[in-house]
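The structure presented is a predicted model; accordingly, all values stated were derived computationally and were not measured. Residue numbering restarts at 1 for every chain, and letters A, B, ... go by the order of the sequence lines. The figures here come from the full heavy-atom set of this structure, side chains too, leaving out hydrogens, waters and symmetry mates.
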Amino acid sequence: MPELPEVETICRSLKPHILNKVIADMAVFWPEALVGGGMPDATNPSDTNPGNTNLVDADLDRDELAFPASHIVGRTVVNLSRRGKYLLVDLSKGVTLLIHLRMTGQLIYHDTPQIVANIAKHTHVIFYFEEGEMHYVDPRKFGRIQIVRTLDVPSLLEKLGPEPLDEFFEFDALGLRLAERHKTASIKSALLDQEVVAGLGNIYTDEVLFAAGVRPNRPVQDLKASEIILIHQAIREILAESIDFQGTTFRDYRDANGKVGKYKKSLKVYGRNGKTCIVCKTKLISEKIAGRVSCYCPNCQQ
DNA sequence: CACTAAACCTGGGAGC
DNA sequence: TGCTCCCAGGTTTAGT
């Protein structure tokens with residue numbers, strides 16, 4: 001579900017509710033949603049291993065590590081931020097919740113206590129504040145909330161590529177990353193690589209490549225500098241525009257207030273397979289590239 | 001190195 | 001209505 005604009009929207013909509021608030025209690029219905037350390041990895045058993053080296057607090061013992069609530073309850077939310085598709089919730093005394101929502105994860109804030117009958121199916125964790133509560137919901141159970149030391153966050157995320165909306169993200173940095181990591185690979189798969197640039201997923205790569213007029217299966221090494229410039233511009237413009245519309249809701253995505261994103265109406269190719277190109281009226285084509293369905297205009301994108 | 005498939009999961013839509 | 005099959009916004013690992 002959430003790509004950069006959606007995670008950014010969740011971050012912004014959550015902030016006024018929980019910043020500077022104390023986590024008074026928490027309820028865990030599916031413990032595997034909480035991970036003790038290391039990079040979040042649903043398939044790696046060592047992430048739930050108490051012997052993992054990237055532990056929460058250096059002075060915590062094994063027994064404490066079996067109960068993640070002990071690192072969270074009583075701490076204050078001191079900052080919320082986003083890096084790529086990760087949401088970072090900094091707590092007092094040096095603990096951070098490093099959250100990746102993967103496909104269907106949601107963080108929904110409720111002002112008032114929710115009675116059991118109103119708790120959504122697939123709610124895995126509830127964080128209770130003095131007033132209000134934050135629900136972590138994830139039908140497909142791909143997402144993870146990783147409890148780490150704040151000081152370990154930079155090293156945990158060091159492999160991520162540059163923030164595309166950062167003012168210092170220039171086209172030549174994108175070109176360099178593409179050249180370093182991908183040569184014969186398609187531009188589609190290269191842009192999905194979080195180490196090239198952080199935050200793009202299947203929706204926005206398709207939209208970016210349409211805006212840049214570049215066909216998704218083009219090998220990176222064949223791209224002209226002028227095309228890299230167009231791709232770089234498109235990344236920044238489309239992500240910023242989508243944030244202005246609170247992201248894209250196809251099915252599951254909601255912000256912290258449960259609201260859908262409105263950028264879906266602005267999508268020009270993603271999900272429009274078989275429909276006509278809004279520029280030239282050519283029928284849009286869908287093709288599997290890099291294991292993901294890609295939709296593009298065979299006329300506008302060469 | 002580059003690419004593919006599979007794995008992690010559930011639910012929705014299409015087709016019969 | 002109900003069944004089966006296929007698909008899905010992400011990421012990592014294993015295999016070719």
Side-chain angles (χ1 to χ4, degrees), chain A residues 1-10 29-33 35 38-48 82-87 98-107 120-124 136-146 156-157 159-161 178-208 216-222 238-239 242-243 245-255 260-264 266-267 269-274 286-295:
Chain A
M1 141 225 287
E3 305 180 30
L4 186 150
E6 291 76 35
V7 180
E8 179 65 28
T9 301
I10 290 169
F29 305 106
W30 187 60
E32 285 157 77
V35 177
M39 285 299 277
D41 176 4
T43 61
N44 184 353
S46 70
D47 274 352
T48 53
R82 178 196 58 73
R83 175 79 173 94
K85 298 174 190 171
Y86 289 89
L87 181 68
L98 188 56
I99 302 173
H100 199 303
L101 299 169
R102 294 284 177 97
M103 301 278 264
T104 55
Q106 301 177 336
L107 285 167
K121 199 174 175 183
H122 308 299
T123 299
H124 304 314
Y136 172 68
V137 183
D138 185 9
R140 287 178 73 178
K141 295 183 172 175
F142 287 175
R144 290 294 183 270
I145 298 176
Q146 195 179 6
L156 288 169
L157 300 182
K159 285 184 129 185
L160 280 182
L178 287 171
E180 278 174 356
R181 290 190 50 83
H182 299 273
K183 293 186 176 72
T184 61
S186 66
I187 183 64
K188 166 89 183 191
S189 67
L191 291 178
L192 286 171
D193 182 348
Q194 301 299 297
E195 297 182 29
V196 168
V197 56
L200 292 175
N202 207 28
I203 295 177
Y204 295 106
T205 48
D206 276 11
E207 294 299 311
V208 162
N217 63 2
R218 289 271 302 283
V220 168
Q221 61 190 357
D222 293 351
I238 287 170
L239 294 180
S242 181
I243 291 171
F245 283 79
Q246 294 85 46
T248 303
T249 295
F250 250 82
R251 176 183 290 175
D252 302 293
Y253 169 69
R254 300 290 186 278
D255 74 6
V260 300
K262 297 185 288 293
Y263 192 70
K264 183 169 187 255
S266 303
L267 296 179
V269 285
Y270 181 84
R272 298 193 67 245
N273 177 36
S286 169
E287 188 183 335
K288 202 149 192 170
I289 300 166
R292 314 292 296 279
V293 170
S294 303
C295 197

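When the C1' atom is compared between B:dA7 and C:dT4, the two are found 22 Å apart, to the nearest whole Å. The gap from the P atom of C:dC3 to that of B:dC9 amounts to 25 Å, rounded to the nearest Å. If you take atom P in C:dG9 and the same atom in B:dG13, they sit 16 Å apart, rounded to whole Å.
Using cut-offs of 30° and 60° on the angle between ring planes, the pair A:His124 and A:Trp30 is tilted.
Rounded to an integer number of Å, the gap from A:Ile99 CD1 to C:dG10 P is 18 Å. As rounded to whole Å, 12 Å separates atom C1' of C:dT11 from atom CG of A:Leu160. We find that CD1 of A:Ile289 is positioned 15 Å from C1' of B:dA2, with the value rounded to whole Å. If you take CG of A:Leu98 and P of C:dG10, they are 18 Å apart, rounded to a whole angstrom. Atom-to-atom, NZ of A:Lys264 to C1' of C:dG9 comes out at 13 Å; the value is rounded to the nearest Å. Nucleotide C:dG9 holds its C1' atom 11 Å from the CG atom of A:Leu101, rounded to whole Å. Summarising the geometry, the separation between CG on A:Asp193 and P on C:dT13 is reported as 14 Å, rounded to the nearest angstrom. One can place CD of A:Gln194 at 17 Å from C1' of C:dT13, the figure rounded to the nearest angstrom.
Test A:Val260, A:Thr248, A:Thr9, A:Leu101 against A:Tyr253 for side chain to side chain contact (heavy atoms under 4.5 Å, CB included) and you get one pass: A:Thr9.
When each of C:dG10, B:dA2, B:dC3 is scored by its nearest atom to the side-chain atoms of A:Asn202, the top-ranked nucleotide is C:dG10. For A:Ala185, taking side-chain heavy atoms from C-beta onward, the closest of the listed nucleotides C:dT11, C:dG9, B:dC3 is B:dC3.
Among residues two or more places apart in sequence or in another chain, the side-chain hydrogen bond (donor to acceptor under 3.5 Å, both in side chains) test is passed with A:Arg218 by A:Glu227. Under the side-chain hydrogen bond (donor to acceptor under 3.5 Å, both in side chains) criterion, A:Glu207 pairs with no residue, sequence neighbours left out. Under the side-chain hydrogen bond (donor to acceptor under 3.5 Å, both in side chains) criterion, A:Arg83 pairs with A:Glu163, not counting sequence neighbours. Checked against salt bridge (Lys or Arg N to Asp or Glu O under 4.0 Å), A:Asp206 has the following partners two or more places apart in sequence or in another chain: A:Lys188. By the side-chain contact (heavy atoms from CB on, under 4.5 Å) test, A:Arg251 is found to be paired with no residue, residues two or more places apart in sequence or in another chain being considered. Annotation: side-chain hydrogen bond (donor to acceptor under 3.5 Å, both in side chains) contacts of A:Ser186 (sequence neighbours excluded): A:Ser189.
For the 3.5 Å distance criterion, the side chains of A:Tyr204 and A:Glu6 qualify, holding a donor opposite an acceptor.
With the nearest nucleotide of DNA chain C identified for both A:Leu192 and A:Lys288, A:Lys288 has the one nearer the 5' end.
Residue A:Tyr204 is out of contact with every strand shown, counting any heavy-atom pair closer than 4.0 Å.
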Handout entry: Bracket notation of DNA chain C in which parentheses pair within the strand, [ ] cross earlier pairs, and | pairs with another strand (Watson-Crick or G-U, under 3.5 Å)
Key = .|||||||.|||||||
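Contact annotation: A:Lys85 side-chain N/O to C:dT11 OP1/OP2 distance is under 4.0 Å.
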Restricting both atoms to N or O, compile the protein contacts to nucleotides 9-11 of chain B shorter than 3.5 Å, with distance only.
{"residue": "B:dC9", "atom": "O4'", "partner": "A:Arg140", "partner atom": "O", "Å": "3.4"}
{"residue": "B:dC9", "atom": "O2", "partner": "A:Arg140", "partner atom": "NE", "Å": "2.9"}
{"residue": "B:dT10", "atom": "O4'", "partner": "A:Pro139", "partner atom": "O", "Å": "3.3"}
{"residue": "B:dT10", "atom": "O3'", "partner": "A:His122", "partner atom": "NE2", "Å": "3.1"}
{"residue": "B:dG11", "atom": "OP1", "partner": "A:Lys121", "partner atom": "NZ", "Å": "3.1"}
{"residue": "B:dG11", "atom": "OP1", "partner": "A:His122", "partner atom": "NE2", "Å": "2.6"}

Please tabulate, one pair per line, all N/O donor-acceptor pairs under 3.5 Å involving side-chain atoms of residues 178-185 of chain A, not counting sequence neighbours.
{"residue": "A:Arg181", "atom": "NE", "partner": "A:Asp193", "partner atom": "OD2", "Å": "2.7"}
{"residue": "A:Arg181", "atom": "NH1", "partner": "A:Glu195", "partner atom": "OE1", "Å": "3.1"}
{"residue": "A:Arg181", "atom": "NH2", "partner": "A:Asp193", "partner atom": "OD2", "Å": "2.9"}
{"residue": "A:His182", "atom": "NE2", "partner": "A:Asp193", "partner atom": "OD2", "Å": "2.9"}

